[in-house]
Protein chains: 2
Amino acid sequence: MTDETAPTTAAAEPPTPRGEQTRQHILDTAMRLFRERGYAQTTMRAIAKEAGVAVGNAYYYFGSKEHLIQRFYVDSQAEHRAGAAALLARERDFATRLRGVLHAGIDVLTPSHEFAATFFKTAAEPTSPLSPFSAASSEPREAAIALFRDVLEGSTAKVDEELRPELPELLWLAYMGVVLYWVHDRSPGQAKTRQLIDGAVPLIDRAVGLSRLRVLRPITREVLHLIRTIRH
Amino acid sequence: MTDETAPTTAAAEPPTPRGEQTRQHILDTAMRLFRERGYAQTTMRAIAKEAGVAVGNAYYYFGSKEHLIQRFYVDSQAEHRAGAAALLARERDFATRLRGVLHAGIDVLTPSHEFAATFFKTAAEPTSPLSPFSAASSEPREAAIALFRDVLEGSTAKVDEELRPELPELLWLAYMGVVLYWVHDRSPGQAKTRQLIDGAVPLIDRAVGLSRLRVLRPITREVLHLIRTIRH
DNA sequence: ACCGCAACCTGAACACGTTCAAGAAAGGCG
DNA sequence: CGCCTTTCTTGAACGTGTTCAGGTTGCGGT
């Protein structure tokens, strides 16, 4: 992790790809241009020229222009976690933690609103490797879900024991909904998205609390059964 | 509606555009090719050639390739309504009506699953006129919401009076969620989507019924307030 | 030192969506 | 009928993402 000169001990290690430096350089250049000019306005020729390589070389490392933004997921996810860390270390109340994490996510995304909006359309395509539901992006997705697991497990919330293991994924799904709204949100500073978060969190909090009530148990079970059924 | 030769009486009528026939011919050709070969595989040159016009002529009538699929919305919406008509005339139970309408919607979409999946990505882009939330497609959206208003008003369901006027839009939103799931659904015959409908409808039905309970009134109010806030 | 092979790199060429300057057809008006 | 304006039509040309036949480079084996 600290240096790559030593082959260490493992045998199945990727055999030190020669062009890793080139790969990273192209990626960095692309991300910079995307942020500077926007995704659609950045041509592959411009990326190649700016990075000092041939166009074809970019395609040697990345199957398509879309693949150049997968890094966006990873970076955003890491920033999200970092941005929420202080709050998660401090607060114990479930609603407060959830609210903070949702706001932190939008905080991270905000500088890239235009950029993000443009490429979210490609993410929505089922066949795209960029879809948050696709197998190709399962790693950042799992990381994102883990963040919401942290929200729950570090809190004092009392949750139905059957619901508890499923809840992080549900919270992540809710977050995806917030992001979807945010992408379409044209209000100044995406203020409406902030209102959505502030309004939805207490409702989620209450619903989670109610899940333990004996009278609502059948409904909880029904919801859980539905979730398990439709999950691929 | 039956003939277009007579100028009838109205004055503000669109002054009989000359190329309406050409426009329709291009549209029909495009839709046919989309269904035959898929959206991405159908080139504008192929559409123009097949329709017997120059490629530039297609752009005279339609601003872009995407605009050629707006018809898909309208047609699907009409088919959906027609497909649900018999059930809506027969049944009075809210859950039965809702379930039938949701299934009818998927029935209509099913033959175009691959095609629909391909173009839903463009619909997801906020700036696209094809977005179901955009102003450009407000007409088919309103028609779709009206269908769910019919579901509610023709039923014997007892609903909180404050919730009632908002419910059709919420049901449409739920339908959009079902469609989103359906687009990503790779199970044989999209069977999972059918399970989602069958599982979600009873839950919606119960939630709607509970909205009238005095103890839940504050929550109902809160939900309604949130909806009104975040609606553009 | 040399060979062979895989990894890496090149840029012209291709197919596509889209634009545009130019023209043809149709309608109104004297 | 002749003229003008609006509507419609054309196809070459542009910029884009992507491909590919062919080069170059580095490295292990002899």
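All chains are named by letter (A, B, ...) in the order of the sequence lines, taking the proteins before the strands, and each is independently numbered beginning at 1.
- Whole-Å rounding puts the Ile69(A) CD1 to dG17(D) C1' distance at 14 Å.
- To the nearest 0.5 angstrom, Met31(B) atom CE is 4.5 Å from Arg35(B) atom CZ.
- dT7(D) atom C1' lies 16 Å from atom CD of Gln21(B), rounded to whole Å.
- In this structure, NZ of Lys65(A) is placed 15 Å from C1' of dC16(C), rounded to the nearest angstrom.
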Inset, instruction - For Leu171(B) and Val101(B), run side-chain contact (heavy atoms from CB on, under 4.5 Å): C-alpha distance rounded to whole Å, both residues' side-chain angles, the deciding distance at 0.1 Å, then the answer. - result: CA-CA 11 Å; Leu171(B) 295 175; Val101(B) 165; over 6 Å; no
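- Atom C1' of nucleotide dA7(C) and atom CZ of Arg23(A) are separated by 14 Å, given to the nearest angstrom.
- Other residues, nucleotides and ligands contribute only 12 or fewer heavy atoms inside 6.0 Å of the CD atom of Gln21(B).
- The NE2 atom of His67(A) sits 16 Å away from the P atom of dG17(D) (whole-angstrom rounding).
- With Arg97(B) contributing its side chain and Asp150(B) its backbone, the two residues share a donor-acceptor pair below 3.5 Å.
- Taking the ring axis of Phe62(A) as reference, the NZ or CZ atom of Arg23(A) stays within 45° of it and closer than 6.0 Å to the ring centre.
- Summarising the geometry, the separation between CD on Gln41(B) and P on dG17(C) is reported as 10 Å, rounded to the nearest angstrom.
- Put simply, the side chain of Lys65(A) gets close to the backbone of Thr42(A): a donor and an acceptor are under 3.5 Å apart.
- Between Phe148(B) and Tyr175(B), the ring-plane angle classifies as tilted under the 30° and 60° cut-offs.
- Contacts of residues 44-53 of chain A with DNA chain D (heavy atom under 4.0 Å): Met44(A), Arg45(A).
- Considering only side-chain N and O atoms, Thr22(B) lies under 4.0 angstrom from the phosphate OP1 or OP2 of dT9(D).
- Contacts with DNA chain C (heavy atom under 4.0 Å) in residues 55-64 of chain A: Gly56(A), Asn57(A), Tyr60(A), Tyr61(A), listed by number.
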Inset, instruction - Please assess Tyr39(A) against Glu66(A) for the test side-chain contact (heavy atoms from CB on, under 4.5 Å), listing each intermediate value before the final yes or no. - result: CA-CA 10 Å; Tyr39(A) 178 73; Glu66(A) 288 187 12; 3.8 Å; yes
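- Looking at His113(B), its side chain never comes within 3.5 Å of a backbone N or O of Gly189(B) through a donor-acceptor pair.
- For Arg18(A) and dC8(C), the CZ to P distance is 6 Å, given to the nearest whole Å.
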